[in-house]
Structure formats: structure tokens, C-alpha cells
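Only one structure is covered here, and it is reproduced in the block below.
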Amino acid sequence: MNHGTPHHAPEPAAPHGLSATRARPRPDPAAHADVGIVVATRNRCASLAVTVRNLLALPERPEVLVVDNASTDDTRAMLARDFPRVRVVSLPFNRGALARTHGVRALDTPYVAFSDDDSWWAPGALGTAAALFDEHPRLGLVAARVLVGPAEDADPLNDLLAASPLGTATDLPGTQVLGFLACAAVVRRTAYLDAGGYHPLLFFGAEETLLAYDLASRGWGVTHCPEVTAHHHPDPAPRTDRPAVVRRNALLTAWLRRPLPHALARTRALVAEARHDPHARRALRETLTRLPAALRARRPLPPHVERAARLLDERGGAGGTDGATS
């Protein structure tokens with residue numbers, strides 16, 4: 001197997017303030033796939049149980065690691081009682097998307113799949129993903145095809161990613177993209193850590209685009225491979241805060257990575273929307289609060305990635321996830 005990397009960097013040290021709820025013997029390495037699974041959760045005990053049950057039934061027998069974002073419900077007791085095979089990392093407070101990075105660091109599989117507490121992988125999907133990574137050393141992330149709900153409806157994001165104008169590359173499978181759905185992605189562990197994982201400034205909500213930029217900037221391929229399938233069963237209840245959070249994170253991503261004229265133009269557009277849209281007002285307020293930190297962390301995209309991002313802008317965001325559900 002080829003687990004090589006374009007950039008070989010030492011892995012970051014384990015973060016402070018992380019504790020495990022319990023130590024469990026790891027499964028026999030010969031018994032599970034090259035893909036481990038990280039499940040981020042918070043206060044969704046019932047749906048988490050469904051997710052874990054489906055993941056443990058996969059034929060690849062992957063190692064499953066749940067990262068608990070400081071749940072206050074029965075999550076940890078339920079996992080200890082009903083799923084003793086599952087490793088659990090308990091965070092002392094809610095870290096948002098950074099929970100996934102804690103999970104990646106805790107695993108030692110060469111590839112890591114992400115599930116949320118309302119999603120799981122189709123049988124055989126992880127084996128297919130592992131084969132793609134083995135065959136393509138520059139591949140850093142696979143964005144899967146997503147089927148939604150009991151009826152297994154195709155997520156509209158599938159067509160958006162498939163239509164990405166970035167096209168194909170001779171050394172990569174699938175279609176190149178600069179976006180994906182977090183709970184339907186598989187990463188090369190070294191690539192994810194090389195890119196730094198999810199950015200702490202974004203927390204949750206359209207956090208994927210920035211990670212795609214960071215991977216591409218480091219030379220890793222990010223592609224949509226519909227032969228890899230994930231199932232997503234989102235809560236049908238409305239998420240009233242999501243429109244504001246998505247707009248905030250899209251704008252912060254622009255300030256963190258895109259040229260200043262682009263970031264300023266997006267800011268002016270949000271200011272105009274804020275005059276009549278309460279979601280935009282909240283997004284603008286929260287963006288301004290985080291803007292000093294974004295400016296300190298700003299790293300403009302290298303020219304070839306910026307050209308790709310601009311092409312996606314011109315095509316109406318094909319390949320991105322600003323409007324994706326999760």
C-alpha cells in the first residue's frame with residue numbers, strides 16, 4: 001500500500017485538555033480495515049446509537065471512535081453500556097468541528113472516514129475509499145455520494161459536486177472539487193494533519209470549504225467519487241441558526257484565504273443584506289467579532305488554487321458547500 005504524502009511533516013502534538021472516558025483495548029489490527037471512523041457528537045444520544053449500530057455492522061469492521069463534545073445527556077453512559085467495542089474521547093467543552101481533529105489524532109489508521117451522529121457509511125464504501133487512496137498517492141480527501149433519509153434520496157450536493165468545472169486530473173480519481181459534506185468524507189490521515197484539520201475560528205457550519213482550500217494549497221487532491229456512498233439522516237426539525245452561521249463562515253473563509261478585494265466585496269454584500277435580513281445581521285455581527293483573529297491567521301491561496309476558487313465562483317459555486325445541509 002502506498003501511504004506517501006506530498007509534504008512529510010511531523011504530526012502535531014496531542015492537544016491539551018483532552019481526556020478519554022475510558023481506555024479500551026484496540027481491536028486486532030488484522031480484523032479491521034485501513035479506514036477508521038471518527039464520529040463527532042453532542043447531546044444526541046438516540047441518533048448516535050443508530051449511527052454506531054450501523055457503523056459496527058459494516059463488513060470492513062472499521063475501528064469506530066466517538067468524540068463527545070461535552071454532552072450533558074446520556075451519551076457516554078449509553079456508549080459504555082451498549083457499545084463496549086467503541087472507543088470514546090471525551091472533550092471537556094464543546095470544540096465544534098475540532099472534535100474531528102481530536103479523533104484523527106487518536107486513530108492510527110492511514111485513512112479516516114467522518115460520520116456525524118446522524119450519518120453512516122454504506123457497506124463496502126470504506127473498502128472502496130481505501131483502494132482509491134492506495135492507488136492515488138496524491139489523493140487527500142474523497143467526497144462521497146450522499147443518500148438522504150429512509151427513502152435514500154440523492155442529496156442535491158451530489159450533482160453540484162459532479163458538475164464541478166475543475167474537471168479531472170490524470171493522477172486522481174473522480175472530479176476535482178473544493179468542497180464536500182463533512183459527514184460524507186474520507187481523508188488520508190497524513191494529509192488531514194498536514195493541512196491542519198478544521199479551523200478553530202469556524203466552529204460548525206460550512207467549515208468544509210476552508211479545509212478543501214488548505215488541502216489543495218498543500219498539493220493534495222480533493223475529489224468527488226460517487227462510487228463511495230454515505231447515508232445521511234438529518235433531523236427534520238428546522239435549524240434556525242444555520243443560515244447565519246453558514247454566511248458567517250463563508251465570509252470568514254474569504255478573509256482567511258481569498259484576495260482582499262474578494263473578501264471586501266463579500267463583506268459589502270453581507271452589509272447590504274443585513275439591512276433587511278436578520279440572519280445576515282447576525283452573520284455580520286459575528287464575523288466582525290472574529291475578524292481580528294481571521295486577519296492574524298490570514299494566508300492567501302497560492303495562485304493555482306485561487307484560479308480554481310475563482311472558476312467555481314464564476315460557475316455559481318459548483319463544487320463548494322456553502323449551502324449544503326449537514
Side-chain angles (χ1 to χ4, degrees), residues 5-7 97 114 129 132-133 135-146 155-182 184-188 190-199 201-202 205-226 228 246-247 249-267 269 294 297-324 326:
T5 68
H7 302 271
F114 295 114
L132 292 172
F133 283 111
E135 293 165 13
H136 302 89
R138 191 168 71 85
L139 182 60
L141 183 146
V142 167
R145 177 175 67 115
V146 182
D155 192 309
L157 182 63
N158 298 336
D159 289 341
L160 187 67
L161 296 177
S164 169
L166 303 184
T168 61
T170 57
D171 63 338
L172 294 171
T175 303
Q176 297 179 97
V177 294
L178 285 177
F180 57 95
L181 189 62
V186 189
V187 297
R188 188 184 299 272
T190 50
Y192 181 92
L193 294 175
D194 181 42
Y198 286 100
H199 199 285
L201 201 58
L202 303 186
E207 71 272 18
E208 300 95 339
T209 299
L210 183 58
L211 178 57
Y213 287 168
D214 290 342
L215 285 164
S217 296
R218 299 288 290 173
W220 295 104
V222 180
T223 68
H224 172 56
C225 298
V228 179
V246 167
R247 293 185 196 186
N249 286 349
L251 184 52
L252 287 171
T253 295
W255 280 104
L256 284 161
R257 276 306 216 170
R258 303 298 299 278
L260 284 174
H262 176 88
L264 287 167
R266 291 203 68 158
T267 304
R298 178 175 167 77
R299 292 174 295 129
L301 294 174
H304 71 286
V305 182
E306 173 54 30
R307 285 194 296 271
R310 195 180 310 122
L311 179 59
L312 293 171
D313 293 339
E314 294 168 357
R315 297 290 183 90
T321 58
D322 284 0
S326 65

(request) Could you tell me whether the side chain of E314 reaches within less than 4.5 Å of the side chain of P165, counting heavy atoms only? (result) no

(request) Side-chain contact test, heavy atoms from C-beta onward, threshold under 4.5 Å: evaluate it for R298 versus L260 and give yes or no. (result) yes

(message) Nearest 0.5 angstrom please: D214 CG to L256 CG, how far?
(response) 8.5 Å

(message) How long is the straight-line distance from OG1 of T190 back to CH2 of W220, given to the nearest 0.5 Å?
(response) 4.5 Å

(request) Mind listing the closest non-hydrogen atom pair of A162 and H224 along with its distance? (result) N-CD2, 3.7 Å

(request) With sequence neighbours left out, write down each residue that passes salt bridge (Lys or Arg N to Asp or Glu O under 4.0 Å) with R247, or none if nothing qualifies. (result) E273, D277

(message) Can you give me the closest heavy-atom contact between P226 and R145, atom names plus distance?
(response) O-NE, 3.4 Å

(request) Output the distance between atom CD (E208) and atom CG (L181), rounded to the nearest 0.5 Å. (result) 6.0 Å

(request) Of all the heavy-atom pairs spanning T168 and G174, show the shortest one and how long it is. (result) CG2-O, 3.4 Å

(message) Check this for me: does any side-chain nitrogen of one of D313 and R266 sit under 4.0 Å from a carboxylate oxygen of the other?
(response) no

(request) List the atom of F133, the atom of V186, and the distance in Å for their closest heavy-atom pair. (result) CZ-O, 3.3 Å

(message) How long is the straight-line distance from CD of E207 back to OH of Y198, given to the nearest 0.5 Å?
(response) 5.5 Å

(message) On a heavy-atom basis, which atom in V222 and which in A212 lie closest, and how many Å separate them?
(response) CG2-O, 4.2 Å

(request) Compare all side-chain heavy atoms of T175 with those of L166 and state whether any distance is below 4.5 angstrom. (result) no

(message) Which heavy atom of A191 sits nearest to which heavy atom of L215, and what is that distance?
(response) O-CD2, 3.5 Å

(request) May I ask you to decide if P173's main-chain N or O and T223's side chain share a donor-acceptor pair within less than 3.5 Å? (result) yes

(request) State whether the side chain of R257 and the backbone N or O of L210 hold a donor-acceptor pair below 3.5 Å, judged by distance alone. (result) no

(message) Is any side-chain heavy atom of Y192 closer than 4.5 Å to one of L141?
(response) no

(message) With heavy-atom distances below 4.5 Å as the criterion, would you say the side chains of P259 and E306 are in contact?
(response) yes

(request) Indicate yes or no for a side-chain donor-acceptor contact from N249 to the backbone of A206 under 3.5 Å, with no hydrogens or angles considered. (result) no

(request) Working to the nearest 0.5 Å, report the span between CG of D194 and CZ of R188. (result) 11.5 Å

(message) Filter on salt bridge (Lys or Arg N to Asp or Glu O under 4.0 Å), then keep only pairs touching residues 160-174, sequence neighbours left out; what's left?
(response) R138-D171

(request) Working to the nearest 0.5 Å, report the span between CZ of R299 and CG of L301. (result) 9.0 Å

(request) Determine whether the aromatic ring centres of F114 and F180 lie less than 6.0 Å apart. (result) no

